[in-house]
K.L.:
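One structure coming up, written as structure tokens, with questions to follow.
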Amino acid sequence: MDYRVLSSVSKSIAPFSLLLLLYIFPAAETTAANTTYKAFNLSTITFEEGYSPLFSDFNIERSPDDRSFRLLLNKFSGSGVISTEYYNYGFFSASIKLPAIYTAGIVVAFYTSNADTFEKNHDELDIEFLGNVNGQPWRFQTNMYGNGSVSRGREERYRMWFDPSKDFHQYSILWTPKNIIFYIDETPLREINRHPAMGGDFPSKPMSLYATIWDASSWATNGGKAKVDYKFEPFATELKDLVLEGCIVDPTEQIPSTNCTDRSAKLLAQDYSNITTERRKSMKFFRERYMYYSYCYDNLRYPVPPPECVIVQSERDLFRDSGRLRQKMKFGGSHSHSQSHRKHRPGRSSRRRNKVAGGASKSGRQGSAAAAM
């Protein structure tokens with residue numbers, strides 16, 4: 001955790017709350033060799049071992065040791081990378097540092113998807129970071145789509161307890177046949193347990209991992225009123241401690257690999273696949289203090305909450321029927337009214353595939369359901 005940030009906010013919160021922050025959100029560490037991420041004892045890979053450019057190669061900068069890379073946004077283009085393989089469930093993680101200063105209109109996304117292969121019934125798991133005007137914090141949201149259920153977005157939106165542009169923090173997506181967990185460092189932010197009534201809304205087809213930075217001036221900040229200001233370019237987000245754990249598959253195969261049964265069992269046995277009592281306390285603290293929208297409490301949008309929603313009364317009491325907070329946030333300021341917008345992510349240009357002859361090339365990918373905050 002960034003203790004400089006803590007010192008700057010200590011005047012606005014009680015001493016007890018400050019101590020609680022230190023206890024609940026411990027610092028993440030990496031080994032000197034930079035090949036293992038200590039928080040979950042994860043083995044990391046090089047860019048070459050797991051990724052290829054998605055678009056705008058000229059805006060992707062790889063480190064000399066190939067264990068980190070930067071994605072740039074300038075007036076010419078954003079940029080993005082994609083995993084060279086598809087995974088049938090997995091744990092996807094990277095330490096990320098976001099752009100600083102004026103970041104209005106910018107979206108940095110770390111997500112899994114299979115829209116390139118299943119255009120009409122794709123699955124997706126998102127962590128999306130939305131920039132802001134000078135002096136205002138980054139915000140972020142998580143989302144889930146299954147089987148093309150773009151009309152049933154399941155987004156939650158949050159503030160952060162640190163400045164994500166000052167230091168690296170590990171952002172992770174766990175996806176198993178039973179559950180999905182989003183993490184920052186070792187703190188679980190959100191858990192989605194598979195419910196039989198979800199049917200195809202629970203992601204179940206092989207997905208790739210993506211990381212992108214792009215111009216979303218039309219909706220990302222204050223409903224599109226604050227746009228990307230290119231006098232501050234280039235905007236750079238840096239990723240390291242790269243983790244791609246899961247069962248590699250060919251998405252065109254009709255019969256899933258039998259190897260994935262064992263790999264899924266191994267995945268479910270890992271430390272990060274189960275939320276311990278202490279981590280659940282951390283998640284409760286985070287959600288009650290930093291979450292400012294949840295679809296589960298949006299009774300206008302969903303008069304009957306979707307089947308996977310677990311209504312927590314201490315959270316329910318914080319929100320209006322719109323799923324937005326009843327009052328200013330306890331910490332981090334207020335939020336603005338928002339509306340849902342469809343978003344367009346840049347299309348692919350090229351992609352290496354070890355198991356799919358000739359690779360794949362498609363364009364015009366369009367995700368959905370992110371909101372101006």
Side-chain angles (χ1 to χ4, degrees), residues 89 111-113 121-128 130 139-159 173-184 187-205 207 219 273-275 277 279-330 334-343 367-373:
Y89 305 112
Y111 65 103
T112 65
S113 179
N121 60 338
H122 85 283
D123 305 298
E124 188 169 324
L125 296 170
D126 296 318
I127 300 178
E128 291 184 310
L130 290 92
R139 289 95 6 98
F140 74 109
Q141 68 178 24
T142 61
N143 211 338
M144 178 193 74
Y145 301 106
N147 206 33
S149 59
V150 294
S151 64
R152 299 185 295 279
R154 290 166 157 88
E155 67 268 31
E156 291 187 344
R157 303 170 195 143
Y158 325 89
R159 305 280 185 181
I173 301 171
L174 169 74
W175 171 45
T176 81
K178 296 182 177 180
N179 67 337
I180 294 162
I181 303 175
F182 296 92
Y183 281 99
I184 294 183
T187 300
L189 314 178
R190 175 182 182 183
E191 180 182 31
I192 303 168
N193 288 306
R194 189 172 194 166
H195 191 285
M198 293 178 72
D201 279 8
F202 189 91
S204 59
K205 298 184 294 297
M207 291 195 281
W219 62 268
S273 293
N274 299 281
I275 302 180
T277 300
R279 286 181 191 151
R280 195 161 295 280
K281 289 179 182 177
S282 299
M283 184 169 70
K284 182 177 186 295
F285 182 88
F286 169 82
R287 293 176 64 81
E288 292 179 3
R289 199 169 186 86
Y290 297 101
M291 183 170 69
Y292 67 91
Y293 173 82
S294 173
Y295 75 104
C296 285
Y297 303 119
D298 191 339
N299 295 332
L300 303 180
R301 185 176 172 191
Y302 297 112
V304 177
E308 75 279 2
C309 286
V310 176
I311 303 303
V312 179
Q313 192 59 44
S314 58
E315 293 179 7
R316 167 74 272 180
D317 292 342
L318 298 173
F319 295 95
R320 301 193 296 263
D321 285 343
S322 63
R324 295 173 176 85
L325 289 176
R326 295 180 182 276
Q327 56 188 2
K328 288 184 178 182
M329 299 191 70
K330 299 176 182 178
S334 63
H335 69 287
S336 60
H337 180 73
S338 63
Q339 296 178 341
S340 293
H341 294 266
R342 291 184 66 81
K343 67 178 185 244
S368 63
M373 300 190 206

K.L.:
Can a donor-acceptor pair be found, under 3.5 Å and without considering hydrogens, that links the side chain of R190 to the backbone of T142?
P.N.:
yes
K.L.:
Without swapping roles, check the side chain of R279 against the backbone of T187 for a donor-acceptor pair under 3.5 Å.
P.N.:
no
K.L.:
R324 side chain to Y292 main-chain N or O, any donor-acceptor pair under 3.5 Å?
P.N.:
no
K.L.:
Considering non-hydrogen atoms only, spot the tightest contact between L125 and M144 and give its length.
P.N.:
CD2-CG, 3.6 Å
K.L.:
Decide yes or no for E308 and R194: does some side-chain heavy atom of the first lie under 4.5 Å from some side-chain heavy atom of the second?
P.N.:
no
K.L.:
Measure the shortest side-chain to side-chain distance between Y158 and I184 over non-hydrogen atoms and say whether it is less than 4.5 angstrom.
P.N.:
no
K.L.:
For R152, which residues count as a side-chain contact (heavy atoms from CB on, under 4.5 Å) partner, sequence neighbours excluded?
P.N.:
S149, R154, D201, Y302
K.L.:
Could you check whether any side-chain N or O of N179 sits under 3.5 Å from a backbone N or O of I192, counting only pairs where one atom can act as donor and the other as acceptor?
P.N.:
no
K.L.:
Mind checking the NZ-CZ spacing from K284 to R289? Nearest 0.5 Å is all I need.
P.N.:
12.0 Å
K.L.:
Determine yes or no for a side-chain-to-main-chain donor-acceptor pair under 3.5 angstrom, with W175 supplying the side chain and P203 the backbone.
P.N.:
yes
K.L.:
Give me the atom names and distance for the closest heavy-atom approach of D317 to R326.
P.N.:
O-NE, 3.0 Å
K.L.:
Just verifying a value: how many Å separate N147 CG and M198 CE, rounded to the nearest 0.5 Å?
P.N.:
11.5 Å
K.L.:
List the atom of P307, the atom of H195, and the distance in Å for their closest heavy-atom pair.
P.N.:
O-CD2, 3.5 Å
K.L.:
Atom CZ of F182 and atom CD of E191: how far apart are they, to the nearest 0.5 Å?
P.N.:
11.5 Å
K.L.:
Could you tell me whether the side chain of S273 reaches within less than 4.5 Å of the side chain of L174, counting heavy atoms only?
P.N.:
yes
K.L.:
Nearest 0.5 Å, please: how far is CZ in R316 from SG in C296?
P.N.:
10.0 Å
K.L.:
Restricting to non-hydrogen atoms, name the atom on I173 and the atom on Y111 that form the minimum distance, rounded to 0.1 Å.
P.N.:
CD1-CA, 4.2 Å
K.L.:
How would you list, by chain and number, every residue that makes a side chain to side chain donor-acceptor pair (under 3.5 Å) with K178, sequence neighbours excluded?
P.N.:
none
K.L.:
Check this for me: does any side-chain nitrogen of one of R301 and E155 sit under 4.0 Å from a carboxylate oxygen of the other?
P.N.:
yes
K.L.:
Can you tell me if NZ on K205 sees more than 12 non-hydrogen neighbours from other groups inside 6.0 Å?
P.N.:
yes
K.L.:
Return the minimal non-hydrogen interatomic distance between W219 and L130, and the atom names on each side.
P.N.:
CZ3-CD2, 3.3 Å
K.L.:
Out of curiosity, D123 CG to T112 OG1, how far, rounded to the nearest 0.5 Å?
P.N.:
8.0 Å
K.L.:
Among all residues two or more places apart in sequence or in another chain, which pass the ring pair (Phe, Tyr, Trp, His ring centres under 6.0 Å) test with Y297?
P.N.:
F319
K.L.:
When you compare the side chains of Y293 and D298, does any donor N or O come within less than 3.5 Å of an acceptor on the partner?
P.N.:
yes
K.L.:
Say you draw a straight line from CZ of R157 to CG of N143; how long is it, rounded to the nearest 0.5 Å?
P.N.:
8.5 Å
K.L.:
For R287 and L189, work out which heavy atoms get closest and say how close.
P.N.:
NH1-O, 3.0 Å
K.L.:
Side chains of R139 and R159: does their closest heavy-atom pair fall under 4.5 Å?
P.N.:
yes
